[in-house]
Peer 1: 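The structure under discussion is supplied below as structure tokens; questions concerning it will follow.
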Amino acid sequence: QVQLVESGGGLVQAGGSLRLSCAASGRIFKINGMGWYRQAPGKQREFIAAITSGGSTNYADSVKGRFTISRDNAKNTVYLQMNSLKPEDTAVYYCNAEAMTSIITWPDDYWGQGTQVTVSS
């Protein structure tokens, strides 16, 4: 199996920055796409950003120009640099990865446990 562990969440004032990290470990043959989602209280989980193994990125409109996703394939780690944070960015942020545990298995989706980001006004 594959485990994802997020870190870097916390409390920040509006306009501030945070950098989230997510490290994948376990039985990893290959990691395809990696991404970030978030879920605010009373709301559904929403897509934030994704990055392919080749480095192509995609962002939700709500974070374009403020958030940057990147990854270190050698470390099986994905990052989310969040700048110009707003109170509406407050949520639990989840890491996601599509990974294969061997050459003969289909890719599967894995999720981290989440890290809380709170932006005060």
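Positions are given from 1, in the same order as the sequence printed here. Keep in mind that this is a model prediction, so the values were computed, not measured.
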Peer 1: Could you tell me the separation between the CH2 atom of Trp36 and the CG atom of Leu20, rounded to the nearest 0.5 Å?
Peer 2: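 Separation between the atoms: 4.5 Å.
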
Peer 1: To the closest 0.5 Å, what do you measure between NZ (Lys75) and OG (Ser25)?
Peer 2: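 Those atoms lie 15.0 Å apart.
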
Peer 1: Measure across Tyr59 and Phe67 and return the closest heavy-atom pair with its distance rounded to 0.1 Å.
Peer 2: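 Closest approach of Tyr59 to Phe67, heavy atoms only: CE2-O, 3.3 Å.
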
Peer 1: Answer whether the closest heavy-atom distance between the side chains of Ile31 and Val78 falls below 4.5 Å.
Peer 2: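 No, every pair of side-chain atoms sits at 4.5 Å or beyond.
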
Peer 1: For a quick test of reading the model, state the closest non-hydrogen atom pair linking Leu85 to Arg66 and the distance between them.
Peer 2: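 It is CA-NH1, 3.9 Å.
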
Peer 1: Looking only at non-hydrogen atoms, find the nearest pair between Tyr94 and Gln113 and report the distance.
Peer 2: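 Answer, listing the atom of Tyr94 first, then Gln113: CE2-O, 3.6 Å.
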
Peer 1: Applying salt bridge (charged side-chain N to carboxylate O under 4.0 Å, His left out), can you list everything that pairs with Lys64, at least two apart in sequence or on another chain?
Peer 2: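 By the salt bridge (charged side-chain N to carboxylate O under 4.0 Å, His left out) rule, Lys64 matches Asp61.
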
Peer 1: Mind checking whether Thr101 and Tyr110 have side chains closer than 4.5 Å, heavy atoms only?
Peer 2: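 SC-SC contact between Thr101 and Tyr110 confirmed.
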
Peer 1: Quick one: do Asn73 and Arg71 satisfy side-chain contact (heavy atoms from CB on, under 4.5 Å)? Show the steps, please.
Peer 2: CA-CA 6 Å; Asn73 291 330; Arg71 66 189 281 178; 2.6 Å; yes

Peer 1: Please report the closest heavy-atom contact between Ala24 and Leu4, naming both atoms and the distance.
Peer 2: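 That would be CB-CD2, 3.4 Å.
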
Peer 1: Phe47 vs Tyr37 aromatic rings, parallel, tilted or perpendicular, using cut-offs 30° and 60°?
Peer 2: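 Judged by the thresholds at 30° and 60°, the geometry between Phe47 and Tyr37 is perpendicular.
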
Peer 1: Taking the side chain as every heavy atom from C-beta outward, state whether Cys95 and Trp111 have any atom pair closer than 4.5 Å.
Peer 2: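 Counting from C-beta outward, Cys95 and Trp111 never come under 4.5 Å.
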
Peer 1: Measure the spacing between CD1 of Ile69 and CD1 of Ile48 and express it to the nearest 0.5 Å.
Peer 2: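 The distance works out to 10.0 Å.
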
Peer 1: Between Trp106 and Ile103, is there shared hydrophobic-cluster membership here, with clusters defined by ILVMFWY side-chain heavy atoms closer than 4.5 Å?
Peer 2: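 Different clusters: Trp106 never reaches Ile103 through Ile, Leu, Val, Met, Phe, Trp or Tyr contacts under 4.5 Å.
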
Peer 1: In chain order, what residues pass the side chain to side chain donor-acceptor pair (under 3.5 Å) check against Ser7, with sequence neighbours excluded?
Peer 2: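 Ser7 satisfies side chain to side chain donor-acceptor pair (under 3.5 Å) with no residue once adjacent residues are dropped.
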
Peer 1: With rounding to the nearest 0.5 Å, note down the distance linking CG in Asn96 to SG in Cys22.
Peer 2: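 The CG atom of Asn96 sits 8.5 Å away from the SG atom of Cys22.
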
Peer 1: Kindly indicate whether the side chain of Arg38, heavy atoms from C-beta on, has any atom under 4.5 Å from the side chain of Ser62.
Peer 2: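 A side-chain contact under 4.5 Å exists here.
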
Peer 1: From Asp72 CG over to Met34 CE, what is the distance, rounded to the nearest 0.5 angstrom?
Peer 2: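 It is 10.0 Å, given to the nearest 0.5 Å.
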
Peer 1: Going by distance alone, is a donor N or O of one side chain under 3.5 Å from an acceptor N or O of the other, for Ser53 and Asn32?
Peer 2: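 Side-chain D/A pair, Ser53 to Asn32: absent.
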
Peer 1: Which value, rounded to the nearest 0.5 Å, describes the distance between Lys86 atom NZ and Ser121 atom OG?
Peer 2: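 It comes to 14.0 Å.
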
Peer 1: Using a 4.5 Å cut-off on heavy atoms from C-beta on, say whether the side chain of Gln116 contacts that of Leu11.
Peer 2: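 Leu11 vs Gln116: side chains apart.
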
Peer 1: How close do Val119 and Asp89 get, counting heavy atoms only, and between which atoms?
Peer 2: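 In this case the closest contact between Val119 and Asp89 is CG2-CB, 4.2 Å.
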
Peer 1: Decide whether Met82 and Val12 are clustered together by the hydrophobic rule: side chain heavy atoms of Ile, Leu, Val, Met, Phe, Trp, Tyr closer than 4.5 Å, transitively.
Peer 2: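 Linked, Met82 and Val12 end up in one cluster.
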
Peer 1: Please name the pair of heavy atoms, one in Ser84 and one in Ser17, separated by the smallest distance, quoted to 0.1 Å.
Peer 2: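 Scanning both residues completely, I find the closest heavy atoms to be N-OG, 4.4 Å.
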
